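Read through the structure below, which is laid out as structure tokens, and then see the notes.
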2 protein chains.
Amino acid sequence: MGLPLRKSKVAPPPACPFSEVLALLRGAWTANIVWHLSRDARRFGELRHDMPRISARVLSARLRELEARGLIARHALDSSPPSAEYALTELGRELLPVIGAMARVGQKLLSEWGKHPVHAPRRSGELPAYARGG
Amino acid sequence: MGLPLRKSKVAPPPACPFSEVLALLRGAWTANIVWHLSRDARRFGELRHDMPRISARVLSARLRELEARGLIARHALDSSPPSAEYALTELGRELLPVIGAMARVGQKLLSEWGKHPVHAPRRSGELPAYARGG
DNA sequence: CAGGATCCTAATCGATACTG
DNA sequence: CAGTATCGATTAGGATCCTG
């Protein structure tokens with residue numbers, strides 16, 4: 001018979017609701033949108049310009065999602081042609097420390113991976129595209 | 001003719017490599033794995049026990065991915081039946097501040113969403129599964 | 001127990017075309 | 001300009017079976 005399962009020594013996951021934030025930032029774009037709104041309000045087309053590879057469909061979907069959660073506010077401008085402006089709400093600004101932390105760690109990881117080459121997996125096997133050196 | 005595009009006023013995305021961290025934590029499970037390794041080393045089966053809904057296939061894939069990046073170390077234990085233990089490396093511990101920040105913000109978001117119900121989207125349209133109340 | 005192989009479903013996203 | 005609708009490609013992840 002094998003080793004007994006150990007319960008987490010000090011504390012199991014002590015009620016850690018970061019899953020919500022992960023779900024929120026899930027997808028390739030949401031965090032980038034928040035980042036690009038961190039300085040000032042931006043219009044739909046400006047955001048597309050800031051992130052040239054996002055499609056209108058996805059940008060629209062993410063913005064509606066963030067709006068539904070109260071993280072951004074949408075202001076329709078009555079100009080011609082019409083435009084809409086998006087801004088972080090106070091609640092949305094709560095996400096900025098997370099993004100800041102990710103940016104700092106990202107720096108560090110990049111510099112480490114620059115020193116040592118990223119190890120190949122032990123055996124050939126499934127690795128997602130972003131892990132295969134693209 | 002419409003409003004001119006505004007360049008980001010203060011600074012555009014001033015070189016923010018959080019995309020790497022996002023790519024790293026992409027998927028529903030990677031951050032949880034790091035979290036569960038934050039206290040002490042855990043074996044494969046213990047991690048499965050900690051996260052009952054992860055499949056062996058995905059857990060294995062994520063562990064190999066984190067190992068390939070030098071964020072966790074794998075130690076094969078010579079017991080019978082064989083087992084393997086995974087632990088965060090020093091580099092992997094750099095991720096903990098990010099996860100801590102996510103946990104804090106997650107708390108806050110949950111409490112806000114508890115006060116006001118989450119707004120429905122303005123029109124019926126695509127919302128991801130995790131946004132539809134699951 | 002650790003984990004690979006296969007099959008399959010659901011979700012994400014880009015491209016394109018179209019509307020107000 | 002600010003979106004929406006449709007389509008097809010890619011991917012994450014679960015279930016199941018199988019091996020050392």
Side-chain angles (χ1 to χ4, degrees), chain A residues 1-6 22-33 41-49 51-65 67 74-86 121-132 134, chain B residues 1-6 22-33 41-49 51-67 72 74-86 121-132 134:
Chain A
M1 171 175 162
L3 305 175
L5 281 192
R6 298 167 295 186
L22 268 178
L24 207 65
L25 299 181
R26 187 188 304 201
W29 292 113
T30 312
N32 268 286
I33 293 172
R42 302 289 280 164
R43 299 198 307 273
F44 190 90
E46 292 174 326
L47 288 171
R48 287 199 73 180
H49 182 261
M51 299 170 283
R53 297 166 40 145
I54 197 174
S55 67
R57 193 184 79 86
V58 170
L59 177 56
S60 174
R62 295 297 157 263
L63 288 173
R64 279 187 289 118
E65 185 184 324
E67 188 192 7
R74 175 182 187 273
H75 299 285
L77 304 180
D78 217 21
S79 57
S80 152
S83 60
E85 199 169 70
Y86 296 88
R122 285 173 292 114
R123 280 177 288 288
S124 75
E126 169 197 347
L127 269 193
Y130 59 87
R132 288 194 296 262
Chain B
M1 170 176 159
L3 305 175
L5 281 192
R6 299 167 294 185
L22 267 178
L24 206 64
L25 299 181
R26 185 187 306 200
W29 293 112
T30 312
N32 268 286
I33 294 172
R42 302 290 279 164
R43 299 199 305 274
F44 191 90
E46 292 174 327
L47 288 171
R48 288 200 73 180
H49 181 260
M51 299 170 283
R53 296 166 41 145
I54 196 174
S55 67
R57 193 184 77 87
V58 170
L59 177 55
S60 174
R62 294 297 158 265
L63 288 172
R64 279 186 290 118
E65 187 182 323
L66 289 169
E67 188 191 7
I72 66 176
R74 176 183 187 273
H75 298 285
L77 303 180
D78 217 22
S79 56
S80 152
S83 60
E85 201 169 68
Y86 296 88
R122 284 173 291 116
R123 281 177 288 288
S124 75
E126 170 197 347
L127 268 192
Y130 60 88
R132 288 193 298 262

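The figures that follow rest on heavy atoms only: side chains count, while hydrogens, waters and symmetry mates do not. Given the structure is predicted, the values throughout are model-derived calculations rather than measurements. Labels below follow one simple rule: chain letters A, B, ... track the order of the sequence lines, proteins then strands, and each chain is numbered from 1.
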Could you write out each protein N or O paired with an N or O of nucleotides 15-20 of chain C at a distance under 3.5 Å?
none

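- One finds no side-chain N or O of B/S83 lying less than 4.0 angstrom from the OP1 or OP2 phosphate oxygen of C/dC1.
- Across all strands shown, B/A28 has heavy atoms under 4.0 Å from sugar-phosphate atoms exclusively, and none from any base.
- Distances were taken from every side-chain heavy atom of B/F44 (C-beta onward) to each of C/dA2, D/dA2, C/dC13; the shortest belongs to C/dA2.
- For B/E67 and B/R64, the salt-bridge test fails: no basic side-chain N is under 4.0 Å from an acidic carboxylate O.
- A/W29 has no side-chain polar atom (N or O) that falls below the 4.0 Å cut-off from OP1 or OP2 of C/dT12.
- Applying the side-chain contact (heavy atoms from CB on, under 4.5 Å) rule to B/L22 yields the partners A/A31, A/M102, B/F18; only residues at least two apart in sequence or on another chain are considered.
- Of the candidate nucleotides D/dG3, D/dG13, C/dA2, D/dG3 has the atom nearest to the side chain of A/R74.
- The separation between A/N32 atom CG and C/dG14 atom P is 11 Å, rounded to whole Å.
- Counting only heavy atoms from C-beta outward, the side chains of B/L66 and B/T30 approach each other to under 4.5 Å.
- The terminal axes of the helix from C/dC1-D/dG20 to C/dG20-D/dC1, fitted over 5 pairs per end, subtend an angle of 40° to the nearest 10°.
- Of all heavy-atom pairs spanning A/A41 and A/E46, the tightest one is O-OE1, 4.4 Å.
- Residues satisfying the side-chain hydrogen bond (donor to acceptor under 3.5 Å, both in side chains) test with B/S83, not counting sequence neighbours, are B/S79.
- Remark: C1' of C/dA2 and NE2 of B/H75 are 16 Å apart, rounded to the nearest angstrom.
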